[in-house]
Amino acid sequence: MAPRVRFAPSPTGYLHVGGARTALFNYLYARRHGGRFLLRIEDTDVERSSADMVTGILDGLRWLGITWDEGPEVGGPHAPYFQSERLERYSAAADRLVASGHAYACYCAPERLRGEREAAEAKGEAWKYDRACLALTPERLAELRAEGAPHAIRFKVPEGTVSFNDAVHGPIAFEGATIEDFVIRRSDGYPTYHLSVVVDDAEMAITQVVRGDDHISNTPKHVLLFQALGAAVPEFAHVPLIVGTDKKRLSKRHGATSVLEYQKAGYLPDAMVNFLALLGWAPGDDREVMTREELIASFALEGISGGNAVFDTAKLDWMNGQYIAALDDAALLATVTPLLETAGLWPLAAGSADRSEAWLLTLLGLLKPRAKRLTDFLEQARPFLTDTVDYDTAAVEKHLSPAHTREQLAALIGALRGVEPFTEPGVEAAVRGTAEALGIKAGALIHPTRVGIIGKTTSPGIFESIVLLGRERTIARLEHAQSFSAVGA
RNA sequence: GCCGGUAUCGUCUAGGGGUUAGGACACGUGGUUCUCAGCCACGGGACCGGGGUUCGAAUCCCCGUACCGGUACCA
């Protein structure tokens with residue numbers, strides 16, 4: 001039987017990296033085994049859920065290229081895929097469980113229970129629902145029912161051990177005695193998470209539940225529910241959490257947590273996918289940079305490690321740099337040009353017709369090995385795409401202010417005027433020749449030149465940069481740069 | 001407190017009764033060089049602690065410890 005897995009986010013927040021990785025693992029598993037990957041929106045908490053969050057989650061998944069076979073927008077045989085549209089099913093299931101003796105109505109006032117719980121906690125004691133309503137006499141029950149008294153429905157947790165074999169952790173067992181009779185339907189008629197997730201996983205014929213580690217302790221409840229409902233219990237795989245450098249659950253405190261923020265920050269979706277896949281999972285050999293196809297071909301739940309994983313931005317940056325370096329010309333142009341356009345750096349103003357797309361590609365090619373994130377292109381391309389140069393004060397102070405730079409730059413300007421054609425070898429010869437004539441090292445001339453035309457001390461190779469900028473612009477900038485030089489000497 | 005999970009370089013991990021405990025990121029050094037990046041080479045760096053089983057334990061068992069998660073009419 002082809003596996004059926006699902007990602008079931010609650011739209012109470014954006015898609016964070018932890019959720020994205022859980023979705024990715026489900027997706028990889030489905031693709032690996034020719035199964036189906038469903039997306040189900042768990043929006044039973046109407047207060048905290050919102051349509052915007054649903055959109056954000058869908059956009060996040062789409063950006064990462066994690067496509068779903070059934071779910072919102074694509075539909076499927078088990079539609080609807082929004083739990084808010086499936087409420088009758090949960091309610092009916094709760095009724096069935098009451099009828100079969102697996103659950104019972106609870107009329108206890110939530111305030112009373114909360115009070116007792118807090119009192120017990122204050123004394124450092126464990127507290128569990130006392131089953132007061134299970135002890136109600138039939139007469140009293142009939143009375144309450146006749147009054148239409150509000151009530152929740154609780155699952156009657158049986159005695160004995162509940163165990164399951166987790167694909168990541170191996171066998172896990174819980175004693176029924178440690179699990180309280182949990183609510184499955186609230187007094188307002190809405191299901192709790194436990195009920196809705198099990199009813200849907202059963203109805204949607206989910207075969208593997210791959211979800212966060214934080215659900216391990218809910219799992220015995222779910223196993224019990226599947227059994228009481230007469231449904232097949234799926235296999236479970238609890239994947240460890242992604243945490244910050246302080247080992248705590250990832251939160252805003254640690255920086256960006258939404259996958260869409262990573263898009264904005266200049267990360268490529270394939271790099272993100274590759275990085276996320278390796279957080280808590282390894283193929284078993286030394287491969288790290290892997291295509292989506294390789295990821296799919298190698299993925300196995302058993303390869304997921306048991307401990308939490310620290311989200312290491314430095315490695316993400318490296319990974320992203322790998323993917324940027326691998327971009328071919330067409331892809332480079334297609335991914336970077338829109339960013340330049342948004343920043344108003346491209347296309348150039350009317351008077352700059354000498355800068356073609358081929359010219360831009362040359363520039364991007366020079367910048368490519370220097371970029372870790374797409375946003376790096378923006379900053380580094382700026383001096384080549386704008387008419388005015390932003391001069392770094394410290395760089396000017398160090399390389400342009402000395403009195404002798406004025407004459408050195410003057411000499412270089414003169415030499416550049418004579419370069420024909422204005423290509424790299426010619427420019428290089430001019431620069432080196434000028435330095436020699438001045439009796440200084442090439443580097444001593446190159447540094448002020450770089451600051452003069454770029455505005456700062458770092459850039460691609462100086463000869464490529466000069467050629468890219470063109471003779472006129474280079475000379476104009478060098479002339480302007482002379483004004484920083486102290487008069488005299 | 002109770003229940004559950006986890007523990008290999010700073011980080012992600014491979015491995016696993018006998019290995020020089022492997023790789024990657026980060027870090028350091030050197031090389032290339034006009035800077036930065038890149039690239040290349042080299043280097044430092046780990047099996048949580050204590051018992052046990054065994055000829056031999058990082059690996060298996062037990063006990064601790066630490067960390068994480070759960071402990072709701074949230075999901």
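Computed from heavy atoms alone, side chains included, the values below leave out hydrogens, waters and symmetry copies. The chains referred to below are lettered A, B, ... by the order of the sequence lines, with proteins before strands, and numbering in each begins at 1. Keep in mind that this is a model prediction, so the values were computed, not measured.
Not a single donor-acceptor pair under 3.5 Å links the side chain of A/R211 to the backbone N or O of A/A8. With hydrogens and angles disregarded, no donor-acceptor distance shorter than 3.5 Å links the side chain of A/S196 to the backbone of A/P191.
The side chain of A/R154 places an N or O atom within less than 4.0 Å of a non-bridging phosphate oxygen (OP1 or OP2) of B/C73. For the OP1/OP2 pair of B/C68 and a distance below 4.0 Å, the side-chain nitrogens and oxygens of A/R249 include no atom meeting the criterion. Of the side-chain N and O atoms in A/K128, none sit less than 4.0 angstrom from OP1 or OP2 of B/U71. Of the side-chain N and O atoms in A/R186, one or more sit less than 4.0 angstrom from OP1 or OP2 of B/A75. Contact check, A/T192 against B/C73: no side-chain N or O comes under 4.0 Å of OP1 or OP2. In this model, the phosphate group of B/U11 is not approached by any side-chain N or O of A/T245 to a distance below 4.0 Å at OP1 or OP2.
Listed nucleotides: B/A72, B/A75, B/C25. Nearest to the side chain of A/Y193: B/A75. Listed nucleotides: B/G23, B/C34, B/U13. Nearest to the side chain of A/I462: B/C34. Counting only heavy atoms from C-beta on, A/K247 has its side chain closest to B/U11 among B/C25, B/U11, B/U35.
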Quiz item: Can you give one letter per nucleotide of nucleotides 3-8 of chain B, going 5' to 3': B for a protein heavy atom under 4.0 Å from the base, S for sugar-phosphate only, - for none?
Solution: SSSS--
Quiz item: With the sugar-phosphate defined as primed atoms, P, OP1 and OP2, and the base as all remaining atoms, what B/S/- string results for nucleotides 40-46 of chain B, 5' to 3', for protein heavy atoms under 4.0 Å?
Solution: -------
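Rounded to an integer number of Å, the gap from A/M319 CE to B/U13 C1' is 12 Å. Protein atom NZ of A/K248 is 13 Å distant from nucleotide atom P of B/A66, rounded to whole Å. Taking atom CG on A/L327 and atom P on B/G38, their separation rounds to 17 Å, with Å as the unit. When rounded to the nearest whole Å, the span between CG of A/D286 and P of B/A21 equals 16 Å. If you take OH of A/Y129 and P of B/C73, they are 10 Å apart, rounded to a whole angstrom. Distance, A/D285 CG to B/A14 P: 11 Å, rounded to whole Å. Distance, A/Q322 CD to B/C25 P: 8 Å, rounded to whole Å. Atom C1' of nucleotide B/G23 and atom CE of A/M290 are separated by 14 Å, given to the nearest angstrom.
The stretch residues 366-382 of chain A touches RNA chain B through A/P369, A/R370, A/K372, each having a heavy atom under 4.0 angstrom from the strand.
Classification of A/E88 and A/R86 as a salt-bridged pair fails, no side-chain N sitting under 4.0 Å from a carboxylate O. A salt bridge links A/R112 with A/D130: the distance from a Lys NZ or Arg NE/NH1/NH2 to an Asp or Glu carboxylate oxygen falls below 4.0 Å. A salt bridge links A/D285 with A/R287: the distance from a Lys NZ or Arg NE/NH1/NH2 to an Asp or Glu carboxylate oxygen falls below 4.0 Å. Using a 4.0 Å cut-off between charged nitrogen and carboxylate oxygen, A/R432 and A/E428 count as a salt-bridge pair. A/E121 and A/R117 are not joined by a salt bridge, as no carboxylate oxygen comes within less than 4.0 angstrom of a charged side-chain nitrogen.
If you check the side chains of A/D181 and A/Y104, you find a donor sitting under 3.5 Å from an acceptor.
Rounded to whole Å, the C1' atom of B/C63 lies 24 Å from the corresponding atom of B/A46.
Shown here are the salt bridge (Lys or Arg N to Asp or Glu O under 4.0 Å) partners of A/D43, two or more places apart in sequence or in another chain: there are none. Applying the salt bridge (Lys or Arg N to Asp or Glu O under 4.0 Å) test to A/R249 and every residue at least two apart in sequence or in another chain returns A/D214.
Contact of A/E121 with B/G1 (side chain to base): no donor-acceptor pair of N or O atoms is detected under 3.5 Å.
A/F182 carries A/K221 over the face of its six-membered ring, with the cationic atom under 6.0 Å from the centre and within 45° of the normal. For the pair A/R40 and A/F82, the cation-pi test (distance below 6.0 Å, angle within 45°) is failed.
Applying side-chain hydrogen bond (donor to acceptor under 3.5 Å, both in side chains) to A/Y90 and the options A/D200, A/D95, A/T192, A/T44 leaves one that passes, A/D200.
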Just the table, please: protein N/O against nucleotides 27-32 of chain B N/O, every pair under 3.5 Å.
none

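Aromatic ring centres of A/H222 and A/Y193 lie closer together than 6.0 Å.
No side-chain heavy atom of A/S465 sits under 4.5 Å from any side-chain heavy atom of A/L468.
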